[in-house]
Structures are given as C-alpha cells and as structure tokens.
Asker: 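The structure under discussion is supplied below as structure tokens; questions concerning it will follow.
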Amino acid sequence: MRARMTTISFWVFAAGLVCGGYVLARDMVPRFAESGAGLAAALPIIVLAAAAIAVIIWALDRSHAQVRSAWALAFAWGAIGACGLSLQINGFASDAVNDVLDDPGATHWGAALVGPLNEETIKGAGVALLLVMFRDRLRRPLQIFAVGAFAGLGFQVVENLTYAITFALRDAQSDVAGALTVTLLRALFGFQSHWVYTAFFALGLALLRSRLAAAALAVALSYLLHFWWNAPSGDDPMIAFALILLKCAVTLTLLGGAWWWMILEQRRWLQGAIRTPEAAELAPPAELATLPTRAQRRAGQQYLRYYYGPAYADVARQRQVWLIRELTYRVG
C-alpha cells in the first residue's frame, strides 16, 4: 500500500475523500443531531441491509482473487467522496434544471435528470482511480465488478441515512415513524440500486480496452437504470407500485445476465491462462487442468480425497485458489 501512496491517482482519490467529507460534515452532521431518535431507529436496518448486500457482492465475485483493500477504499469513496461531492454538485445542477424547466417539470424530472448524471460519473471516477492504483491486482471483470459494487454500496448506505433523517424531520407526529417508514421501503425495494449501477459502470471500465461496444453498453446501463429508477411513476399508487416491481425485476435480470456472462468469461480466460508459460512455472499440467470450472476443481479435490484422504483434498483446494489468484496477477 505504501507504493500506491506515491501515485498521483492516490492523492486525487484522497483529495476527493477530503472534499466529500468536508461537505458531508458541513451539511449533514447538524441534521444528524436534529433527528437523533429517528436515526437511531433506522441505523440498525440500514446496517443489516448493507451487510446483506456485502455478502451478495462477496458471493458474486468468483474470481478467487478478491482485493479486500480495494473493496474498503471503494466503499469509503462511495460513502464519503462520492456522496459529499454529489451533494454539492447536485445542488448546483438542480438550480440549473429549475431555471430551464418550469414547475411541475423541474419537480417531477429533476431527480431523474440530475442524480444519474452526476452521481454515476462521480462514483465511476473513484472506481477508475482505484483501477489505476491497483492495476497490478485488479485484472478480471469479476474483480472490477465487485469493486464498483462496493463503491455503490457505500453511496447507498449514506443516501439511506440522509433519507431517514429527511423523513424523520418531515413527519410531524414522530421522528421514529418517519425514519423507519422510508428506511424499510428503501430496504425492500431499493436494495438493488446504487451498488448495481456502479457495478455496471465498473464493468464498462473493465471492458474498455478489449470490448468497446460492451463497455459502452455497461456504462450506459448504469446511467439508464438510475434514470429509470428516479423517473416519476405517476400519481396512481397501484401503477407506481407496479412500476417499482418492474424496475426491480429488470435490474435484477440484467444483473444476473451480466454475472453469468462474467462467469463464462472467467472460464474461457482460465482455459487459455493454464496454457501459458507463466502457468507452467506455477504447477504441472494435470493440476492446472482442474482450474477452469468449479466442477473440475471439485472433481480434482474428490479424486485426492478418495485416494489420499481429506487433508490432501484441503491442500488441493487451497492450491487451486492460490493458482487462480497468481494467474490473475501474472497473466490477467
């Protein structure tokens, strides 16, 4: 990590964190004090929802070369840098939209026009800086997708906190009721939001050099899905609810399709990587041949368990993970 601190990317990243942290401290900390009871009620739900999403991201990253320090920095960028900078820029952009669109157009479409453009760009910029900082470790789409997801998750956590505070202060009857209502609704129906959007943006960055059209599609999806989520759903509650369910279904379907494609891409890459000179330096061909798919890895482990015992199978499993990680770093 010390070597990464000498790069320009690190200091730009750090400056973004400082600026974002300043804006959050200036604008949000006083509001935290005004709605302490509501925040205390909503915080456990927000934390539990975030923990569940973090487990999902961890499970989706099947690269066996997770870079946990990049995950932590991505989360910090989303929660502090991106949230603070977006809070500042969204204020200016909203004023511009209000000048261009008359009411009710600005009221209905302001969030859809301002939020996706500013927020996805700022979150994506932080992910891009991390890809430069960790260019020797973040090599595969699955890895980079997870980094983007954690950046989005950090943003999602702080945004949920701000919504809880806002609705706590708006509720004339009870701060707790206002905070809990919006927090539960966002946990149930908004769980697939920012972390998915930024994961798509990161996937686009991962594909930028090799598949330009696919990269453009992934980045476009991050903006379009966010725009669609923020777009007004009308005044009819039943139509609005149906649209929310449709948005959730479409987002999750696209997420599943992207993940399945990344799994297939990882298998194709491994099938080629095990034939490289770098792989030959790491292990014999028979061991390398077990790496490309999960079924092959398990078959190799079962073979050793049957003939040599569980201890050999455990060593084989650890070796397989180590080999995939080393191939990622060396062949990429």
Side-chain angles (χ1 to χ4, degrees), residues 17 20-59 71-72 74-88 90-91 94 107 110-112 114-116 119 122-123 149-199 226 229-230 232-233 235 237-238 240-245 247-248 251-252:
L17 286 179
Y22 168 77
V23 174
L24 287 178
R26 182 195 67 194
D27 294 354
M28 298 309 302
V29 170
R31 299 181 68 194
F32 289 166
E34 294 175 9
S35 57
L39 182 61
L43 187 59
I45 299 173
I46 294 172
V47 171
L48 287 174
I53 293 172
V55 171
I56 292 172
I57 299 170
W58 169 80
W71 287 3
F75 185 91
W77 175 261
I80 302 172
C83 270
L85 294 173
S86 295
L87 185 64
Q88 185 69 49
N90 282 353
S94 296
T107 302
V114 172
E119 294 167 8
I122 295 170
K123 288 184 293 177
F150 271 104
L153 179 59
F155 192 99
Q156 193 167 320
V157 167
V158 176
E159 186 179 71
N160 285 344
L161 286 172
T162 63
Y163 269 85
I165 294 167
T166 299
F167 279 79
L169 296 176
R170 286 182 183 177
D171 195 309
Q173 303 299 322
S174 169
D175 286 0
V176 172
L180 283 179
T181 299
V182 71
T183 299
L184 288 171
L185 287 174
R186 289 179 68 84
L188 289 173
F189 300 111
F191 69 94
Q192 83 308 331
S193 59
H194 283 284
W195 71 273
V196 179
Y197 308 152
T198 316
H226 195 166
W229 181 260
N230 285 5
S233 300
D235 297 326
M238 295 304 296
F241 182 69
L243 278 174
I244 288 175
L245 294 180
K247 292 173 183 180
C248 292
T251 301
L252 291 176

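Note that the coordinates shown come from a computational prediction; the quantities given were computed from them, not determined experimentally. FYI, the numbering just counts along the sequence from 1.
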Asker: Taking side-chain contact (heavy atoms from CB on, under 4.5 Å) as the definition, give me every residue that meets it alongside L153, ordered by chain and number, with sequence neighbours left out.
Answerer: A50, I53, A54, I57, F75, F150, V157, W195

Asker: Decide yes or no for M28 and L87: does some side-chain heavy atom of the first lie under 4.5 Å from some side-chain heavy atom of the second?
Answerer: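 Yes - at least one pair of side-chain heavy atoms lies under 4.5 Å apart.
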
Asker: Going through the checks in order, is the side chain to side chain contact (heavy atoms under 4.5 Å, CB included) test met by F191 and N160?
Answerer: CA-CA 10 Å; F191 69 94; N160 285 344; over 6 Å; no

Asker: Hey, can you tell me if F167 and Y163 have their rings parallel, tilted or perpendicular (30° and 60° cut-offs)?
Answerer: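 It falls in the parallel class, under 30°.
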
Asker: Which heavy atom in A25 sits nearest to a heavy atom in P30, and how many Å separate them?
Answerer: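 A25 and P30 have their closest heavy atoms at O-CD, 3.7 Å.
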
Asker: For T183 and L180, indicate whether the former's side chain and the latter's backbone hold a donor-acceptor pair under 3.5 Å.
Answerer: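 Answer holds: no.
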
Asker: Taking all heavy atoms of E119 and all of N90, pick out the closest pair and write down the distance.
Answerer: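 What the structure gives for the nearest pair is OE2-ND2, 3.0 Å.
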
Asker: Measure the CG-CZ distance between L39 and R31 for me, rounded to the nearest 0.5 Å.
Answerer: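 Reported value, rounded in 0.5 Å steps: 11.0 Å.
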
Asker: Minimum heavy-atom separation for L43 to L161, with atom names?
Answerer: CD1-CD2, 3.7 Å

Asker: Locate the shortest heavy-atom distance separating T198 from K123; write the atom from each residue and the value.
Answerer: OG1-NZ, 2.9 Å

Asker: Among all residues two or more places apart in sequence or in another chain, which pass the side-chain contact (heavy atoms from CB on, under 4.5 Å) test with I244?
Answerer: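 By the side-chain contact (heavy atoms from CB on, under 4.5 Å) rule, I244 matches F189, W229, C248.
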
Asker: Show the nearest heavy-atom pair for residues A82 and G78, with the distance to one decimal.
Answerer: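 Heavy atoms only, the tightest pair is CB-O, 3.8 Å.
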
Asker: How close do H194 and G152 get, counting heavy atoms only, and between which atoms?
Answerer: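 The pair with the smallest heavy-atom distance is CB-O, 3.4 Å.
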
Asker: Measuring from I80:CD1 to L24:CG, what's the distance to the nearest 0.5 Å?
Answerer: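 Going from the CD1 atom of I80 to the CG atom of L24 covers 7.5 Å.
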
Asker: Can you tell me if W77 uses its side chain to pair, donor with acceptor, with the backbone of I122 under 3.5 Å?
Answerer: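 Looks like yes, one N/O pair under 3.5 Å.
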
